[in-house]
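Starting from 1, each residue takes its place in the sequence as its number.
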Amino acid sequence: MADGRPGPYLGDVSALSFLPSSPRPLLLAGTGSELLVYEVGAAASLVASFRVFHGVRVHGIEPWGGGGPGCSSYSLAAFGERRVKLFSLEFGATADGGEAGEVRLELEQRLPGFDHWVLDAHFLEVDGLLAIGLSDNSVALWDLSKRVLVTRVKSPEKCLLYSMRMWGGSVRELLLASGTILNEILIWKLAPQIPGPSLLCSYEGDTSDVNNYEITHIDDNQYIAVHLGRLKEHEGSIFRIAWSSDGSKFMSVSDDRSARVWTLSSKPQSFVNQTASQDDFEIIPKLTLFGHSARIWDCYISDSIIITAGEDCTCCIWGIDGKLIKMFKEHIVSSKEKIIRHTTLIYSGRGIWRCSFDPSSQLLVTAGFDSAIKVHHLCNPTFHGIVEDKKVSDDLNYGSEIFVVSSPSVSGQYGPLDSKSEYVRCLHFAKENVLYVATNNGYLHHAELSNLKDVRWTEIIQVTEKSPIICMDVMTTYSDLSLNREDIIALGDGRGNVTIVRLTGGSIEPKVNTSFTWSAEKDRQLLGVYWCKSLECSHIFTADPRGVLKLWNIRDALLLSTDATSAPQKFPLVAVFESSFGARIMCLDASPREEILIAGDKKGNIIAFPFSKILKLQDSGVMQQKVPSCGRFKGAHGISSVTSVHIKDSISDHTEIHSTGGDGCICFFKYGRSVQKVEFFGMRQVKDLGTIQSIYTNLSSENQLSSTYAIGFISADFVIWDLENETKMAQVSCGGWRRPYSYYLGAVPEYQNCFAFVKDHDIHIHRHWASTHAKKLLPQLLHLQFHGREVHSLCLIDPASYSDLDNSSDLLIATGSEDGTVRLTGFLTGSSGRWHSSKLLGEHVGGSAVRAICFIPKTYTIADKSCNYILNNISDEIAVEDKDKTFLLISVGSKQVLTTWILQPRSAENRKVCLSGLAVDSQQSSRNFENVDSAMSFQWLTTHMPPKLTRNRLKFGHIKQSIEGNSSAVQPNLGVMDHMENDWRYLSVTAFILKHPILRLTVCFVIVACSDATVVLRALLLPSRLWFDVALLVPQTSPVLVLRHIIINASHYEGDTGDRYLIVGGSTDGSITFWNMTGAIHGFMQLISETQPHMSIDCQKRPRTGRGSQGGRRRWRSLANHSLKKIDEDVPPYDRSNLSTPSPAENSSKTSGMENTQNIVHEENDGSNTEMASSIHGIPELRPMHLLSGVHQSGVNCLHVSYSTRDDSYCIISGGDDQAIVCFSFRVGSSENCSATTARLNSHDNAMLKILYQHKTPSAHSAAVKGIWTDSLWAFSTGLDQRVRCWKIGSSTEFTEYSHTIISVPEPETLDVFHNRAKKKYQIAVAGRGMQIVEFSPPEE
């Protein structure tokens, strides 16, 4: 593009290759038109990136050669589509010999364009040639020194290919394996024959077609193709073929989900000097591998290992005998995660496309559609002794142990159990080699596990005789005067007694320093004892079945050195915390600094208690006090138990709370100290865990990356899940979480983890404990992770909403994809333009595809003097302060899912508070995203799914009647149907925010278009999150594909009658429709001011997860027909204009002025009201004020509206399937300033719509136009022709193409533009199968 620059591509990785004979593992990756160079050793990093093609994707990379000690140089062949280029890749060594220094990539040769796609390229070192395999089952030989095409030989089996792979070091050794579209594999080679007349032709100049080259011969030998074999075992297309390094075997993968290994009866060298024939050797099928559930895309084979990668997002590692060693597996739908113990791949969407293995470093690299490049070291405990044994160092001791022990008091117990039987009730690790065991008969044992052959058991204590130990908690402390470790064990028994035991003397021979017991509850009423780290060991909590917590002071008792059962007064009860839910407290956390106590109960609720003055009052002599709750959140984890809560220190007015639950979710809450309210703001669902028991964060050190782990269960297995790298670190089959169990994690859980559980009276222990002082963890993710499916919609986030800097270099882009996810991706503009972050905001319910997304950067204050607002009992808790700014992101998609996210810019003093590091895809992304996340945060606000039967929707009249009747709650007939039965989908969305001038309430009006050809105006009442049906926009005979809104300022009118709100929609039949929503919006705001439904109706609390965690009750409201003035008279037909009739403007692509607008707009009948129609199911209907038919010959795919300051008009530009772009302008003004050829907006005002000009370019693109944007001066469009075109718009809407560029995004579907006025540049974001930024600098006027 002239005056423009295409940026880097973010999308699928289509090629992978390790550099051969490199002293350090260096990886080449092809993504889009770029070549990426990575250092993949311990210090993994991106070394360099180069653009090798223009608009052509890199399909393959073939490196060759190596350099001397001072500089490493390689020859490199990169190919894509019909193009091949040869490069010289050089690495300058650093002074310390560490990471690669300066990297230079120079173009050496540009081969001519071929007439078929290039499937493979292979260097023939002996002959100095490059063999190029083509999709017509031919091979071309290129002379590297003479730069000429030597020959092109076609196989006698003429057919089209899906894949081809070559092996050999010379022409005589060259073997070709071709995978055809007929499910066959053809094996053939080149054989010499008597040369014919010389056809040598030198290579001169550039040419576009290889057919312009004549054929020459090599060493007086011309080559022909010799067919060697035909393999028909596959039942599907052959997608990939791989040869072993010695050429003795090869493998193929197919559409039939199988991988097959073939061997040659003799080595190829035995017949390379012969005129080979099919009888010279035999191809023998050796193995058939089944294990994938979808198509297999790539493969690798060596003498000891086979690797396959497929569309089902799995990577399988097989032994050479065909035995499956490991499978890396992840979910098929949306943000996928799954299997492997230490190294897991997490891809989404279309699976893993490429895999590459380096035997020398034991590194496996995979890449997928979602742009992620992942590195895994096969030299780890999972593969030790299995994969490439000869490469594994003998001194690596991974310390993996699995053993079974039995408590002395339980040993010998067999048969059925009763209440008096002896068995293990509780387990608790204090260290990796120290395990405490509590039994049903009141025994506490200490087990020292250093020597597995001699486990040392010590009986610590027996509580009240024949009283079972119900609960146990252990706190480990270290003495201030020494480094001796002390374990303080709290035991709760069936008699309601609490016993505290203090142990010293080390792990081998523990010594009871102090023990005491007191009665905390009645018999069978003590269910939990809990230490709190923030209170150390001076206080302890106890819990009963009714949701009551008691806080006990044991500080003085711990100072005693005698064993005693003391009187209650020596263990003062400090406070009693009683939950209003009445359910058993399962977990808690207290923070004296944050002045709050948070508890989670068995029914999924979160309760907050004040904790500010309790300890101070106790120190001043005030004894037991009953503390009421100061906040609560019902159904935080649905109906599943809350398993852990954690309070994060905050420097703002809000305290951040993290909780985990039995629904497999991590929830994020904030507690406002001033309003004393617990509010949900985010959630992360870990799909590989059925229940999450806790979150563990290790501390980072110099050589190790800090990471966060989720510990939980899936079915009957215990799982440790790395949340940063989305990796399963450990999985143990144990029978589920209901058995007694305990775990312990070290500094690096990848190498240090223990798990113990009880089965059949025995204690089974899985321990993996290795020294980590010399280990450096390999970063799992090299390249940013993006969507795993096609991106349907994107919108640029206005930097003014999250940055205080006028010249911010960060550009944030929100995208919605077919995989059901919404992501926020950061791009660094300027000369170093690059993608630097990608954050997953969330997923639509059920993984439903996201079809459209929009960002609301402004908040308008409604102005209409006709509305008489009533102020009644406004609550400060509900009201929104005028100083607040509300920025919303709205995404819609399949199953009629509508999700709203709120963008909250951070103040300077609060920028150190992280919303949630758990939502960042990788540790690398977390570091890169720090500068963006410190300035802003996205939070989930609400998710709406309408009921399937609209007749059962709650009407607004029900709300008003309940309020008038002093009803404290509304009991509607929701009639909610299973949303999975809903096949309708939203196609487009637009929205804007209005603020009530008196009530300080904010309403977000959302207009959505559905595939059933309906367009609905809905309202979201903030901050109460109540949804309302406001109006139905009718009639529509065809679905609306794109929606835009227009807010016309009241200053355009005389008399100040208020702002006007218009909707513009483009349909599948090529028409563009206008609706006026002004009366409906004003009527709704009037009714809200009268009824104030937020005062009496509860709202949705948290999103649904589909796993029994519904997040509270969901409310949906519709506006009854009495909410607006009912129109009794018949409504005349709406205005209908036809643009399909050819006009001089269309045929000549010139501008038509006012004299031609008669064919575009017809006058409305005076006195009619096109805004109101009869109501259906209680929802008012709005008829179009204006319709332009025949704007496009088929669907209107994209549409954009802008305001032109030069003539106070609005410009609308649209693109369609007919490849055309149409632009027209209109003006809204008073009736006396408009001619008769106008459309009246409303019958009760004098505002008129006047079409000024129109212009159409019939063949703007060579394929369907999919995205368009304009600011009335410049317009930018993109289409399926993979072009971004820039148009210059004149004063009369005529537009001419100024320039264009070829982009790397295949099948682009959407476009958005940010105009950086400070830098005088346009940043154009294009997305489809990937995303790319194009920067355009307009010429100086």
Side-chain angles (χ1 to χ4, degrees), residues 1-4 6 9 11 32-33 54-57 81 790-794 988 1041-1042 1044 1066-1072 1139-1140 1142 1145-1151 1190-1202 1211-1224 1254-1290 1293-1313 1322-1336:
M1 176 181 286
D3 301 322
Y9 169 77
S33 302
H54 294 282
V56 176
R57 300 168 65 214
E81 298 183 6
E790 296 80 1
V791 177
H792 294 307
S793 180
L794 69 81
S988 184
L1041 296 176
V1042 58
R1044 292 291 183 268
S1067 304
T1068 57
D1069 60 358
S1071 63
I1072 295 179
L1139 291 183
S1140 61
E1146 280 186 306
N1147 297 333
S1148 60
S1149 191
K1150 299 292 182 180
T1151 303
V1191 177
H1192 291 275
Q1193 296 178 8
S1194 53
V1196 181
N1197 294 327
C1198 49
L1199 183 147
H1200 194 263
V1201 182
S1202 66
C1211 176
I1212 295 182
I1213 191 168
S1214 63
D1217 282 334
D1218 57 357
Q1219 308 175 12
I1221 293 179
V1222 178
C1223 181
F1224 59 92
Q1254 69 160 338
H1255 182 78
K1256 182 176 182 179
T1257 299
S1259 298
H1261 284 259
S1262 59
V1265 183
K1266 305 297 288 189
I1268 202 160
W1269 183 94
T1270 184
D1271 62 355
S1272 300
L1273 298 175
W1274 295 92
F1276 304 94
S1277 62
T1278 189
L1280 294 181
D1281 56 357
Q1282 211 169 324
R1283 303 290 192 274
V1284 171
R1285 302 186 186 274
C1286 173
W1287 309 86
K1288 177 65 176 177
I1289 300 180
T1293 70
E1294 74 278 4
F1295 54 94
T1296 57
E1297 183 175 352
Y1298 179 79
S1299 59
H1300 76 274
T1301 189
I1302 304 173
I1303 57 176
S1304 301
V1305 179
E1307 302 174 12
E1309 291 195 35
T1310 181
L1311 172 146
D1312 198 10
V1313 180
Y1322 292 88
Q1323 269 95 30
I1324 309 160
V1326 184
R1329 287 179 53 185
M1331 184 165 61
Q1332 190 174 15
I1333 297 289
V1334 177
E1335 190 175 88
F1336 173 73

For residues [X] and [Y], report the shortest heavy-atom separation together with the two atoms involved.
| X | Y | answer |
| --- | --- | --- |
| Cys1286 | Trp1274 | SG-CE3, 3.3 Å |
| Gly55 | Ser33 | N-OG, 3.5 Å |
| Val1191 | Ser1214 | CG1-OG, 4.1 Å |
| Ser1277 | His1261 | OG-NE2, 2.7 Å |
| Ile1303 | Gln1282 | O-NE2, 2.8 Å |
| Arg1283 | Thr1278 | O-OG1, 3.0 Å |

Worksheet item: Got a sec, which residues hit ring-ring contact (aromatic ring centres under 6.0 Å, His included) with His1200, two or more places apart in sequence or on another chain?
Response: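 Testing His1200 for ring-ring contact (aromatic ring centres under 6.0 Å, His included), a comparison that skips the adjacent residues, returns Trp1269.
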Practice prompt. Check the side chains of Glu1294 and His1255 for a donor-acceptor pair under 3.5 angstrom, ignoring hydrogens and angles.
Written response: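 Their side chains do not contain a donor-acceptor pair, so the 3.5 Å distance test is not met.
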Got a second to check how far [X]'s [atom1] is from [Y]'s [atom2], nearest 0.5 Å?
| X | Y | atom1 | atom2 | answer |
| --- | --- | --- | --- | --- |
| Ile1289 | Ser1202 | CD1 | OG | 6.5 Å |
| Ile1213 | Phe1276 | CD1 | CZ | 10.5 Å |
| His1192 | Ser1071 | NE2 | OG | 10.5 Å |
| Arg1329 | Arg57 | CZ | CZ | 5.0 Å |
| Ile1212 | Ile1072 | CD1 | CD1 | 6.5 Å |
| Gln1332 | Thr1301 | CD | OG1 | 7.5 Å |

Worksheet item: Phe1295 vs Trp1287 aromatic rings, parallel, tilted or perpendicular, using cut-offs 30° and 60°?
Response: perpendicular
Fill in: Set of residues satisfying salt bridge (charged side-chain N to carboxylate O under 4.0 Å, His left out) with respect to Asp1218, sequence neighbours excluded
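Counting only residues at least two positions away or on another chain, Asp1218 forms no salt bridge (charged side-chain N to carboxylate O under 4.0 Å, His left out).
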Do the non-hydrogen side-chain atoms of [X] and [Y] ever get within less than 4.5 Å of each other?
| X | Y | result |
| --- | --- | --- |
| Phe1336 | Val1284 | no |
| Ile1302 | His54 | no |
| Met1331 | Leu794 | yes |
| Cys1198 | Leu1311 | no |
| Val1265 | Asn1197 | no |

Worksheet item: Given the rule in the side-chain contact (heavy atoms from CB on, under 4.5 Å) test, do Leu1280 and Lys1266 qualify, once you have shown the distances and angles that lead to the verdict?
Response: CA-CA 7 Å; Leu1280 294 181; Lys1266 305 297 288 189; 4.0 Å; yes
Item to complete: Check the surroundings of atom CD in Glu1297: do more than 12 heavy atoms from other residues, nucleotides or ligands lie under 6.0 Å from it?
Response: yes
Practice prompt. For the pair Thr1270 (side chain) and Ser1272 (backbone), establish whether a donor and an acceptor sit closer than 3.5 Å, ignoring hydrogens and angles.
Written response: yes
